[in-house]
Colleague: 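My questions all concern the structure below.
Sequence lines set the chain letters: A, B, ... in the order given, protein chains first and strands last, and positions in each chain run from 1.
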Number of protein chains: 2
Amino acid sequence: MKNALGMAVLGLLMESPLHPHAMAATLRERGMDRAFKVTTGSLYDVVRALVREGWIEARETVRVGARPERTVYGLTALGREEFTAWVDRLVREPQAEYPKFLSAVSYLGALGPDGAVAALRERAERLRASVEEMRAGHQEALAQVPRLFVVEVEYAVRMAEAEIGWVEEIVADVESGRLAWPEVAE
Amino acid sequence: MKNALGMAVLGLLMESPLHPHAMAATLRERGMDRAFKVTTGSLYDVVRALVREGWIEARETVRVGARPERTVYGLTALGREEFTAWVDRLVREPQAEYPKFLSAVSYLGALGPDGAVAALRERAERLRASVEEMRAGHQEALAQVPRLFVVEVEYAVRMAEAEIGWVEEIVADVESGRLAWPEVAE
DNA sequence: ACCCAAATACTCGGATCCGAGCGATCGGAG
DNA sequence: CTCCGATCGCTCGGATCCGAGTATTTGGGT
């Protein structure tokens with residue numbers, strides 16, 4: 001089990017049994033799709049994998065009207081344990097991840113000083129917008145649920161702000177010449 | 001073309017034609033494998049994709065001794081253009097990404113206040129170690145190449161520091177009760 | 001009464017990812 | 001000279017990912 005979406009599924013089933021379509025709907029409704037990429041295709045794969053591991057199990061398959069059957073899944077005892085173990089592990093151990101921006105920054109040189117400054121400025125602008133949006137959503141959410149349930153938004157905001165700070169610093173360094181531009185493949 | 005490893009390949013070929021195995025070796029030698037996940041399997045897929053797009057082309061296939069043939073690839077004119085366009089786009093537009101930690105934080109509640117504090121403390125510790133390591137590597141690198149070529153390490157360090165800051169703040173908030181723990185599925 | 005948009009619920013297959021493995025060759029210790 | 005481990009360079013196939021498609025049904029507007 002690699003896919004973090006699996007964790008979201010376990011998290012939902014901690015509350016009550018559900019069928020896959022309902023899981024997707026609930027995740028989106030709660031805005032959890034900001035933390036997990038929830039695509040239908042993957043979801044069904046993930047559910048199958050969780051069954052294979054014995055962490056969830058089919059409870060019943062019901063048919064409402066003449067729509068496709070719904071298979072309702074529930075947690076097993078093992079699944080309950082694995083869920084917290086999973087969360088614990090991901091919190092404890094930083095994973096080596098490869099954000100696209102990190103890759104792109106490695107080749108900042110290719111843009112030339114002016115190109116780099118322009119692109120970085122635009123990024124900062126977009127980041128500011130997304131921070132604004134997240135903040136607003138967070139405020140709204142806080143009116144309805146305890147802070148603990150939306151604390152991940154605070155994390156996302158903080159990270160975005162740190163990135164903005166770094167980007168602006170680099171822009172300043174390029175403009176002041178503190179970040180020299182050796183001649184390089186253009 | 002989604003895979004950022006493709007960008008790394010183009011970046012290398014800006015300097016001179018190479019065969020896949022040499023690309024992997026060079027990337028690792030230069031420590032670029034901190035920005036790109038470089039696995040052999042993916043590399044050959046990526047190279048094939050770049051050929052399909054017409055961004056690189058086979059230049060020759062040579063055989064040294066009786067070892068497997070090496071196919072040497074070089075950039076096309078199109079590839080040259082696409083490289084900078086690619087970098088530019090990734091710098092300008094923040095991508096929605098889904099770091100595992102963000103997912104895990106969404107379920108921090110499942111650990112209980114004490115469990116959460118313990119896990120977060122360990123994370124902070126590990127992050128501090130990795131910052132230390134990055135800093136050391138960066139110093140060493142600066143002695144040999146211009147800052148521009150290792151500026152992505154500065155970014156990584158900055159982000160890690162921001163994360164440490166956030167983690168420590170949350171720990172404090174939990175301990176002081178500023179982050180309340182509604183009773184919840186355990 | 002009728003039509004169309006949205007919702008319901010899932011399947012399918014192509015694209016991608018990636019580690020294990022493979023067959024060969026080279027360098028150096030004895 | 002000969003054996004062994006490291007290196008060379010790549011292939012293969014399973015696992016995963018995921019968007020587009022399918023087929024029905026409900027609901028609201030006219």
Side-chain angles (χ1 to χ4, degrees), chain A residues 1-9 12-13 17-29 32-33 35-53 55-56 58-73 95-100 103, chain B residues 1-9 12-13 17-29 32-33 35-53 55-56 58-73 95-100 103:
Chain A
M1 284 302 323
K2 313 293 282 293
N3 195 330
L5 182 55
M7 197 170 63
V9 169
L12 282 175
L13 298 189
L18 284 177
H19 54 107
H21 185 78
M23 297 175 199
T26 310
L27 283 176
R28 280 193 260 262
E29 212 174 300
M32 289 283 195
D33 54 344
F36 302 94
K37 180 159 210 168
V38 34
T39 51
T40 56
S42 305
L43 181 59
Y44 287 86
D45 286 344
V46 160
V47 165
R48 218 167 297 138
L50 290 172
V51 170
R52 201 171 51 230
E53 301 286 336
W55 298 356
I56 69 177
R59 285 286 161 76
E60 50 173 353
T61 68
V62 290
R63 171 182 293 266
V64 176
R67 292 197 209 137
E69 275 186 349
R70 305 182 307 185
T71 305
V72 176
Y73 296 88
Q95 308 270 315
E97 302 193 54
Y98 305 84
K100 310 274 190 199
S103 318
Chain B
M1 284 303 323
K2 312 293 282 295
N3 195 331
L5 182 56
M7 197 170 63
V9 169
L12 282 175
L13 298 190
L18 284 177
H19 55 106
H21 186 78
M23 297 174 198
T26 310
L27 283 176
R28 281 194 258 263
E29 213 172 300
M32 289 282 194
D33 54 345
F36 302 94
K37 180 159 209 168
V38 35
T39 51
T40 56
S42 304
L43 181 59
Y44 287 87
D45 286 344
V46 160
V47 164
R48 218 168 297 137
L50 289 172
V51 170
R52 199 171 53 230
E53 301 285 336
W55 299 356
I56 69 176
R59 284 287 161 76
E60 50 172 352
T61 69
V62 290
R63 171 183 291 265
V64 176
R67 292 199 209 136
E69 275 186 348
R70 305 182 307 185
T71 305
V72 176
Y73 296 89
Q95 308 271 313
E97 301 192 55
Y98 305 84
K100 310 275 189 197
S103 318

Colleague: Donor-acceptor pairs are to be reported for all side-chain atoms of residues 44-51 of chain A against protein atoms at under 3.5 Å, with residues two or more places apart or in another chain.
Modeller:
none

Colleague: Measure the shortest side-chain to side-chain distance between A:M32 and A:V38 over non-hydrogen atoms and say whether it is less than 4.5 angstrom.
Modeller: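 Contact flag for A:M32/A:V38 side chains = no.
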Colleague: Taking side chain as C-beta onward, heavy atoms only, is B:L27 less than 4.5 Å from B:V9?
Modeller: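 The answer is no; the side chains never approach within 4.5 Å.
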Colleague: Extract from the structure each pairing of a protein N or O with an N or O of nucleotides 17-19 of chain D at less than 3.5 Å, listing the distance.
Modeller:
residue, atom, partner, partner atom, Å
D:dC17, OP1, A:N3, ND2, 3.4
D:dC17, OP2, A:N3, ND2, 3.2
D:dC18, OP2, A:S42, OG, 3.4
D:dC18, N4, A:D45, OD2, 3.1

Colleague: Are any non-hydrogen side-chain atoms of B:S42 and B:K37 less than 4.5 angstrom apart?
Modeller: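 No. Closest side-chain heavy atoms not under 4.5 Å.
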Colleague: Looking at CG of B:N3 and OH of A:Y98, how far apart are the two atoms once the value is rounded to the nearest 0.5 Å?
Modeller: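 These two atoms lie 12.0 Å from each other.
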Colleague: Any residue in residues 18-28 of chain B with a heavy atom nearer than 4.0 angstrom to DNA chain D? Just list them by number, or reply none.
Modeller: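 Listed by number, they are B:H19, B:P20, B:H21.
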Colleague: Let me know the distance between OH of A:Y44 and P of D:dT16, rounded to the nearest Å.
Modeller: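 One finds 19 Å between P of D:dT16 and OH of A:Y44, rounded.
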Colleague: Pick base, sugar-phosphate or nothing for A:R48, based on heavy-atom distances below 4.0 Å to the nucleic acid.
Modeller: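 No contact.
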Colleague: Atom CH2 in B:W55, atom CG in B:L13: separation rounded to 0.5 Å?
Modeller: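 If we round to the nearest 0.5 Å, B:W55:CH2 and B:L13:CG are 13.0 Å apart.
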Colleague: Judged by atom type as modelled, is there a donor-acceptor pair below 3.5 Å linking the side chain of B:S103 to the main-chain atoms of A:A35?
Modeller: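 Between the backbone of A:A35 and the side chain of B:S103 there is a qualifying donor-acceptor contact (under 3.5 Å).
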Colleague: Is there a side-chain contact between A:R70 and A:V62 in this structure, where contact means two heavy atoms from C-beta onward sitting under 4.5 Å apart?
Modeller: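 A side-chain contact under 4.5 Å exists here.
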Colleague: Is A:R70 close enough to D:dT24 that one of its side-chain N or O atoms is under 4.0 Å from OP1 or OP2 there?
Modeller: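 Looking at the OP1 and OP2 atoms of D:dT24, neither is under 4.0 Å from any side-chain N or O of A:R70.
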